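To start, the structure under review is shown below, and the notes come after it.
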Amino acid sequence: MFRTMMKAKIHRARVTESNLNYVGSITIDEDIMNAVDIVENEKVQIVNNNNGARFETYVIKGPRGSKVICLNGAAARLVQKDDVVIILTYVLVEEAKVATHEPRVAIMDENNQIVEMLATEPASTVL
């Protein structure tokens with residue numbers, strides 16, 4: 001048996017751009033992608049803290065160090081610049097490995113800088 005587990009989380013990233021005139025996807029700074037082990041074209045779930053929208057898309061690599069979080073195409077209808085979002089990926093984990101599975105969680109500041117990396121989420125609110 002396999003369980004679907006959180007693989008990566010970018011917590012409280014700020015949207016830097018919303019570009020309706022693009023084919024689709026989310027552009028993420030490559031440094032941020034590397035920190036949480038997200039790769040180009042990987043499926044992600046986006047949660048918009050400002051309006052409650054939840055949707056899925058795929059990732060395109062943004063320039064290193066740019067701090068870009070840009071929602072493209074139809075997804076641009078669900079966010080605005082400066083919205084705060086959570087970006088998640090999941091992985092199938094064998095039952096025997098569930099207890100030792102550790103996701104990568106990046107806690108972001110208002111400038112899309114990683115302020116803390118976690119291997120698990122605490123049982124309290126992280127701001």
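Remember, it's a predicted structure, so these values are computed and weren't measured experimentally. Numbers for residues simply follow the sequence, beginning at 1.
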Looking only at heavy atoms, what is the nearest atom pair of [X] and [Y], with distance?
{"X": "Phe55", "Y": "Leu78", "answer": "CD2-CD1, 3.3 Å"}
{"X": "Val39", "Y": "Met33", "answer": "C-CE, 3.6 Å"}
{"X": "Ser18", "Y": "Cys70", "answer": "N-SG, 4.4 Å"}
{"X": "Tyr90", "Y": "Thr4", "answer": "CB-CG2, 3.7 Å"}

* Structure fact -> Across all chains, not counting sequence neighbours, the side-chain contact (heavy atoms from CB on, under 4.5 Å) partners of Ile60 are Tyr22, Ser25, Thr27, Glu40, Asn72
* Is it possible for you to say whether Leu20 and Val79 belong to one hydrophobic cluster, with membership spreading through side-chain heavy-atom contacts below 4.5 Å? => no
* To do: State yes or no: do Val93 and Ile38 share one hydrophobic cluster built from I, L, V, M, F, W and Y residues joined by side-chain heavy-atom distances below 4.5 Å, directly or via other members?
  =>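 No, Val93 does not connect to Ile38 through the hydrophobic network.
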Would you say [X] and [Y] make side-chain contact, with heavy atoms under 4.5 Å?
{"X": "Val91", "Y": "His101", "answer": "yes"}
{"X": "Lys43", "Y": "Tyr58", "answer": "no"}
{"X": "Arg14", "Y": "Met108", "answer": "no"}
{"X": "Leu71", "Y": "Val15", "answer": "yes"}
{"X": "Arg3", "Y": "Glu95", "answer": "yes"}
{"X": "Met117", "Y": "Arg104", "answer": "yes"}
{"X": "Ile28", "Y": "Val68", "answer": "no"}
{"X": "Ile87", "Y": "Ile26", "answer": "yes"}

* To do: Look at atom CD of Glu42 and say whether more than 12 heavy atoms of other residues, nucleotides or ligands are closer to it than 6.0 Å.
  =>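 Yes, CD of Glu42 has more than 12 neighbouring heavy atoms, counting only those of other groups under 6.0 Å.
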Measuring from atom [atom1] of [X] to atom [atom2] of [Y], what distance do you get when rounded to the nearest 0.5 angstrom?
{"X": "Thr16", "Y": "Asn112", "atom1": "OG1", "atom2": "CG", "result": "6.5 Å"}
{"X": "Glu102", "Y": "Lys97", "atom1": "CD", "atom2": "NZ", "result": "14.0 Å"}
{"X": "Ile69", "Y": "Ile10", "atom1": "CD1", "atom2": "CD1", "result": "5.5 Å"}
{"X": "Leu92", "Y": "Met5", "atom1": "CG", "atom2": "CE", "result": "11.0 Å"}

So, the side chain of [X] versus the backbone of [Y]: is there a donor-acceptor pair under 3.5 Å, distance only?
{"X": "Asp29", "Y": "Ser66", "result": "yes"}
{"X": "Asp31", "Y": "Gly65", "result": "yes"}
{"X": "Asn48", "Y": "Gly52", "result": "no"}
{"X": "Lys7", "Y": "Asp37", "result": "yes"}

* What pairs meet the salt bridge (charged side-chain N to carboxylate O under 4.0 Å, His left out) rule with one or both residues in residues 66-93, with sequence neighbours excluded? -> none
* Would Ile86 and Asn49 satisfy side-chain contact (heavy atoms from CB on, under 4.5 Å), going step by step from the backbone distance to the final call? -> CA-CA 7 Å; Ile86 297 169; Asn49 286 6; 3.6 Å; yes
* Applying side-chain contact (heavy atoms from CB on, under 4.5 Å), run through Arg12 and Ile107 and close with a yes or a no. => CA-CA 7 Å; Arg12 298 188 57 83; Ile107 308 299; over 6 Å; no
